[in-house]
Amino acid sequence: MTRILFVCLGNICRSPLAEGILRRQAEEAGFDVTVDSAAIGDWHIGQLPDPRSIRMGEACGCKMTMRARQVRPSDFTEFDLIVAMDHANVSALQAWRGSDPTKIRLARSFDDSPPGAEVPDPYYGEYEDFEEVAALLESACRGILRTIS
């Protein structure tokens with residue numbers, strides 16, 4: 001079983017949406033994966049995802065009941081793949097004590113996006129920005145499943 005952790009800045013927008021989408025896609029495809037998400041920062045620990053992320057995730061057929069948590073040192077041994085939403089997240093993860101850079105990848109590196117493409121943070125945007133993020137994550141998660149199968 002492959003264990004995948006999605007990471008974004010606060011763990012209330014992009015990474016929980018990615019978690020929900022990959023979990024749904026894996027279930028539909030019959031893949032046995034463990035999926036979780038976490039934050040670089042500690043601002044939202046214990047909170048549900050942003051209401052717009054919940055709405056978007058539910059529209060995509062995902063259960064959005066996860067609670068925000070911060071990355072912890074054990075994540076680097078407990079997960080096979082750590083998927084970051086942007087370059088700032090990658091840098092923060094690589095700087096984490098005990099991190100394994102070979103496990104850290106950008107989410108959009110799994111699809112046909114140009115090298116280095118990021119998943120934009122929709123936090124300060126509108127619902128339409130969450131729709132764009134969900135579409136990007138649907139593609140990235142399909143690529144992740146192709147990679148691990």
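When a residue number appears, it is its place in the shown sequence, counting from 1.
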Flag, side chain of [X] to backbone of [Y], donor-acceptor distance under 3.5 Å:
| X | Y | result |
| --- | --- | --- |
| Gln25 | Arg142 | yes |
| Arg23 | Val35 | yes |
| Ser53 | Pro49 | no |
| Thr77 | Ser74 | yes |
| Ser109 | Arg105 | no |
| Ser99 | Gln94 | yes |
| Lys103 | Phe79 | yes |
| Arg108 | Ser113 | no |
| Glu58 | Lys63 | no |

Check [X] against [Y] and note the closest heavy-atom contact, atom names and distance.
| X | Y | answer |
| --- | --- | --- |
| Gly98 | Phe76 | O-CB, 3.6 Å |
| Cys60 | Ala134 | SG-CB, 4.1 Å |
| Gln70 | Asp42 | OE1-CB, 3.6 Å |
| Asp50 | Cys13 | CB-SG, 3.9 Å |
| Leu9 | Trp43 | O-CZ3, 3.3 Å |
| Glu132 | Pro120 | OE2-CG, 4.0 Å |

In terms of hydrophobic clustering (I, L, V, M, F, W, Y; side-chain heavy atoms under 4.5 Å; direct or indirect links), are [X] and [Y] co-clustered?
| X | Y | result |
| --- | --- | --- |
| Met64 | Met56 | yes |
| Ile12 | Leu48 | no |
| Leu5 | Ile148 | no |
| Phe6 | Trp96 | no |
| Tyr123 | Met85 | no |

Requested in this report: Take Arg67 and Gln47 through the test side-chain contact (heavy atoms from CB on, under 4.5 Å) and record every step on the way to the result.
Outcome: CA-CA 5 Å; Arg67 297 281 179 162; Gln47 294 179 16; 5.6 Å; no
Report task. Evaluate the criterion side-chain contact (heavy atoms from CB on, under 4.5 Å) for residue pair Val33 and Ile144; output intermediate values, then yes/no. Result -> CA-CA 11 Å; Val33 296; Ile144 290 169; over 6 Å; no
Count the heavy atoms of every other residue, nucleotide or ligand shown that sit under 6.0 Å from [atom1] of [X], and state whether that count exceeds 12.
| X | atom1 | result |
| --- | --- | --- |
| Glu27 | CD | no |
| Glu28 | CD | yes |
| Phe31 | CZ | yes |

[X] side chain near [Y] side chain, heavy-atom distance below 4.5 Å:
| X | Y | value |
| --- | --- | --- |
| Val7 | Ser15 | no |
| Pro122 | Leu17 | no |
| Ile82 | Val71 | no |
| Val83 | Ile4 | yes |

Enter the distance from [X]:[atom1] to [Y]:[atom2] here, rounded to the nearest 0.5 Å.
| X | Y | atom1 | atom2 | result |
| --- | --- | --- | --- | --- |
| Phe110 | Cys141 | CZ | SG | 9.5 Å |
| Leu137 | Ile21 | CG | CD1 | 5.0 Å |
| Cys62 | Ile54 | SG | CD1 | 12.0 Å |
| Leu136 | Glu131 | CG | CD | 12.0 Å |

Requested in this report: Using a strict 4.0 Å threshold on nitrogen-to-oxygen distance, state whether Arg14 and Asp121 make a salt bridge.
Outcome: yes
Report task. Using only heavy-atom distances, determine whether the side chains of Asn11 and Ser37 contain a donor-acceptor pair under 3.5 Å. Result -> yes
Query raised in the report: Will you find, in the side chains of Thr34 and Arg3, an N or O donor that is under 3.5 Å from an N or O acceptor?
Result: no
Requested in this report: Report the C-alpha separation of Asp75 and Arg69 in whole Å, then their side-chain angles, then the decisive distance to 0.1 Å, and conclude whether the salt bridge (charged side-chain N to carboxylate O under 4.0 Å, His left out) test is met.
Outcome: CA-CA 12 Å; Asp75 289 335; Arg69 72 171 183 86; 3.0 Å; yes
Report task. Could you tell me which residues satisfy salt bridge (Lys or Arg N to Asp or Glu O under 4.0 Å) with Glu138, sequence neighbours excluded, listed by chain and number? Result -> Arg24
Query raised in the report: When you measure from the centre of the six-membered ring of Tyr127, is the NZ or CZ of Arg55 under 6.0 Å away and within 45° of the axis?
Result: yes
